[in-house]
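Inspection log for the structure reproduced underneath, given as structure tokens.
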Amino acid sequence: MTARSDSVLAFDPWDPGFVADPYPVYAELRAQGRLHYYEPTNQWLVPHHADVSALLRDRRLGRTYQHRFSHEDFGRTAPPAEHEPFHTLNDHGMLDLEPPDHTRIRRLVSKAFTPRTVEQLGPYVRRLAEDLVDGLVASGGGDLLTDVAEPLPVAVIAEMLGIPESDRAQLRPWSADICGMYELNPSQETARKAVRASVEFSEYLRELIGARRQEPGEDLISGLIAAYDEGDRLTEQEMISTCVLLLNAGHEATVNATVNGWWALFRHPEQLAALRADRSLVPTAVEELMRYDTPLQLFERWVLDEIEIDGTTVPRGAEIALLFGSANHDPAVFADPGTLDLSRKDNPHISFSAGIHYCIGAPLARIELAASLTALLDRAPTLRLAQEPKRKPNFVIRGLEGLSVEI
């Protein structure tokens with residue numbers, strides 16, 4: 001196997017030290033080449049921004065291979081039968097589909113994410129952010145994760161889908177258990193939790209979809225049902241998988257970007273002071289915080305047709321791991337990438353991916369991040385860290401266990 005380097009030995013997504021700060025290892029990977037084979041996960045690591053950006057758009061790669069090959073034809077082993085509920089749920093969402101199914105579902109869902117629709121949500125998002133921050137202030141502080149970062153995007157996407165307020169407390173635990181399967185080499189216990197959450201979440205949504213068929217509303221679920229009734233081909237499983245994807249993707253990145261961002265601000269008091277003094281920095285601050293400590297560190301692609309990268313032929317059936325966190329710190333694209341600069345203007349980070357799988361909710365995520373950032377700056381001007389946070393052990397989805405703050 002070619003394209004192996006010494007720095008791959010330092011790449012260890014299960015090592016707490018690496019997870020705490022993977023960026024120095026990324027720098028070594030970039031310095032030693034464009035492609036590195038990583039044996040523990042049988043993946044090819046791609047650390048450079050130019051390559052990650054190009055490969056996200058390359059149709060020789062795909063999020064799935066099952067639209068063209070069987071597991072056997074592709075040289076892969078089918079998932080264990082007991083994991084079937086998770087894979088049924090996951091594999092019918094547009095994030096893990098390729099055209100034409102991806103195109104069909106994305107076209108229907110995109111109607112709910114038009115610039116006009118998202119802009120109309122702005123006042124609701126800002127009001128909700130202010131209410132959550134007011135609650136934090138009234139308590140004299142608390143956990144920024146559970147008091148502000150989580151409830152804001154969960155409420156927004158649940159409101160869009162039409163999930164009753166009384167049911168929303170279940171959404172975050174289900175999502176966390178399902179997303180555990182996106183880590184590298186997940187354990188049997190992680191898989192068990194993901195399967196159970198997939199079954200429970202699917203059953204809940206099947207009942208909710210049934211209720212919306214009887215009594216439609218103005219929500220996205222009702223809109224998807226109406227599209228189905230009007231002849232757009234969308235199965236019930238695709239509808240369920242789409243709702244789960246929107247709920248999971250619609251808040252995971254925003255939650256982690258919020259707490260990662262504030263943890264970065266607390267460690268860079270001069271940047272926080274500049275932001276407190278000048279609200280016009282908020283838009284560029286949102287982009288920089290997404291870049292500086294990327295909430296999704298790695299995104300995978302299957303090689304559908306062999307591809308050459310830096311003189312190495314990667315065969316069909318291989319898996320490529322695109323290192324978003326490394327790409328966002330590539331000095332070939334970002335001046336002084338290790339420096340947090342909230343006024344950074346030229347910031348083509350790829351935290352929202354690229355190509356046909358570019359995050360459909362990116363405009364909404366930006367509104368949510370700006371709303372919570374502004375509300376905390378305005379309504380909690382003395383916000384400060386209460387204790388050092390503990391980082392989650394996850395590598396792919398990067399976040400904190402909590403972020404304890406005081407006013």
Side-chain angles (χ1 to χ4, degrees), residues 63-64 66 79 83-98 101-102 104-113 150-151 153-183 186 190-213 217 219-225 227-228 234-256 295-296 299-300 352-353 357 359-362 364-365 368 394 396-397:
R63 281 290 294 169
T64 183
Q66 295 186 70
H83 296 176
E84 182 271 329
F86 165 79
H87 289 287
T88 294
L89 182 62
N90 184 72
D91 295 353
H92 287 82
M94 61 182 172
L95 184 61
D96 280 83
L97 290 172
E98 292 296 310
D101 290 331
H102 172 273
R104 170 173 52 84
I105 297 173
R106 188 174 178 112
R107 186 183 70 248
L108 292 172
V109 175
S110 65
K111 295 174 183 176
F113 287 91
E150 282 185 347
V154 171
V156 172
I157 198 69
E159 189 75 16
M160 290 181 73
L161 285 165
I163 293 179
E165 203 164 332
S166 57
D167 296 342
R168 293 176 187 176
Q170 306 170 78
L171 302 180
R172 179 66 173 163
W174 279 336
S175 174
D177 285 347
I178 290 169
C179 288
M181 285 293 274
Y182 303 137
E183 293 300 317
T190 296
R192 188 187 64 78
K193 287 182 178 179
V195 167
R196 183 181 62 196
S198 298
V199 170
E200 292 176 358
F201 209 164
S202 296
E203 287 175 351
Y204 170 77
L205 286 168
R206 193 168 281 111
E207 289 183 14
L208 186 61
I209 288 167
R212 288 291 180 275
R213 286 191 189 280
D219 53 83
L220 178 53
I221 289 177
S222 299
L224 293 175
I225 292 169
Y228 175 83
L234 189 72
T235 66
E236 183 177 72
Q237 183 58 60
E238 287 172 340
M239 209 178 298
I240 290 168
S241 296
T242 296
C243 291
V244 170
L245 172 63
L246 290 173
L247 281 160
N248 291 353
H251 76 272
E252 282 291 343
T254 309
V255 170
N256 292 317
L296 181 67
F299 209 52
E300 296 159 331
F352 290 118
S353 191
H357 290 290
C359 177
I360 200 170
L364 179 58
E368 291 169 347
N394 305 343
V396 174
I397 299 175

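All figures in this text were calculated on a predicted structure; none of them were measured in a lab. All residue numbers in this chain count up from 1 along the given sequence.
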Open item on the list: Side chains of Ile178 and Leu89, heavy atoms from C-beta outward: is any pair under 4.5 Å?
Closed with: yes
Open item on the list: Using side-chain heavy atoms (C-beta onward) and a distance below 4.5 Å, is Phe201 in contact with Leu247?
Closed with: yes
Task: Met94 CE to Ser110 OG distance, which is reported to the nearest 0.5 Å - done: 8.0 Å
- [ ] Given side-chain contact (heavy atoms from CB on, under 4.5 Å), test Phe299 with Arg63 step by step and report yes or no.
- [x] CA-CA 9 Å; Phe299 209 52; Arg63 281 290 294 169; 3.8 Å; yes
Task: Val396 backbone acceptor or donor facing Glu183 side chain under 3.5 Å - done: yes
- [ ] Please work out whether the ring planes of His357 and His102 are parallel, tilted or perpendicular, with thresholds of 30° and 60°.
- [x] perpendicular
TODO: Report the distance from atom CG of Leu220 to atom OG1 of Thr242, rounding to the nearest 0.5 Å.
DONE: 8.5 Å
Open item on the list: I need the minimum non-hydrogen distance between Leu95 and Leu245, along with the two atoms involved.
Closed with: N-CD2, 3.6 Å
- [ ] Ignoring hydrogens and angles, tell me if any N or O in the side chain of Ser175 forms a donor-acceptor pair with the backbone of Leu171 under 3.5 Å.
- [x] no
Task: Atom of Phe86, atom of Ala194 and distance for their closest heavy-atom approach - done: CD1-CB, 4.2 Å
- [ ] May I ask you to decide if Asp101's main-chain N or O and Arg106's side chain share a donor-acceptor pair within less than 3.5 Å?
- [x] no
Task: Distance-minimising heavy-atom pair for Pro186 and Gly180 - done: CB-O, 4.0 Å
Task: Spatial distance of atom CD (Glu236) from atom OG (Ser241) [nearest 0.5 Å] - done: 10.5 Å
TODO: Any chance you could measure Ile209, atom CD1, to Leu224, atom CG, to the nearest 0.5 Å?
DONE: 8.0 Å
TODO: Evaluate the criterion side-chain contact (heavy atoms from CB on, under 4.5 Å) for residue pair Asn90 and Met181; output intermediate values, then yes/no.
DONE: CA-CA 10 Å; Asn90 184 72; Met181 285 293 274; over 6 Å; no
Open item on the list: I'd like to know if the side chain of Arg168 and the backbone of Ile163 have a donor-acceptor N/O pair within less than 3.5 Å.
Closed with: yes
TODO: Evaluate the side-chain contact (heavy atoms from CB on, under 4.5 Å) criterion for residues Leu296 and Glu252: first the C-alpha distance (whole Å), next the side-chain angles of each, then the deciding distance (0.1 Å), finally the verdict.
DONE: CA-CA 9 Å; Leu296 181 67; Glu252 282 291 343; over 6 Å; no
Task: Distance-only side-chain donor-acceptor flag, Thr64 / Asp96, under 3.5 Å - done: no
- [ ] With side-chain hydrogen bond (donor to acceptor under 3.5 Å, both in side chains) as the test, would you mind laying out the steps for Thr88 and Gln237 before giving the verdict?
- [x] CA-CA 8 Å; Thr88 294; Gln237 183 58 60; 5.9 Å; no
- [ ] Decide yes or no on side-chain contact (heavy atoms from CB on, under 4.5 Å) for Leu161 and Leu205, but give the supporting numbers first.
- [x] CA-CA 10 Å; Leu161 285 165; Leu205 286 168; over 6 Å; no
- [ ] Mind checking the CG-OG1 spacing from Asp177 to Thr190? Nearest 0.5 Å is all I need.
- [x] 9.0 Å
Task: Met160 vs Leu246 side-chain heavy atoms within contact, under 4.5 Å - done: no
Task: Arg212 (side chain) donor-acceptor with Ser222 (main chain) under 3.5 angstrom - done: no
Open item on the list: Return the NE2 to CG distance between His251 and Asn256, rounded to the nearest 0.5 Å.
Closed with: 8.5 Å
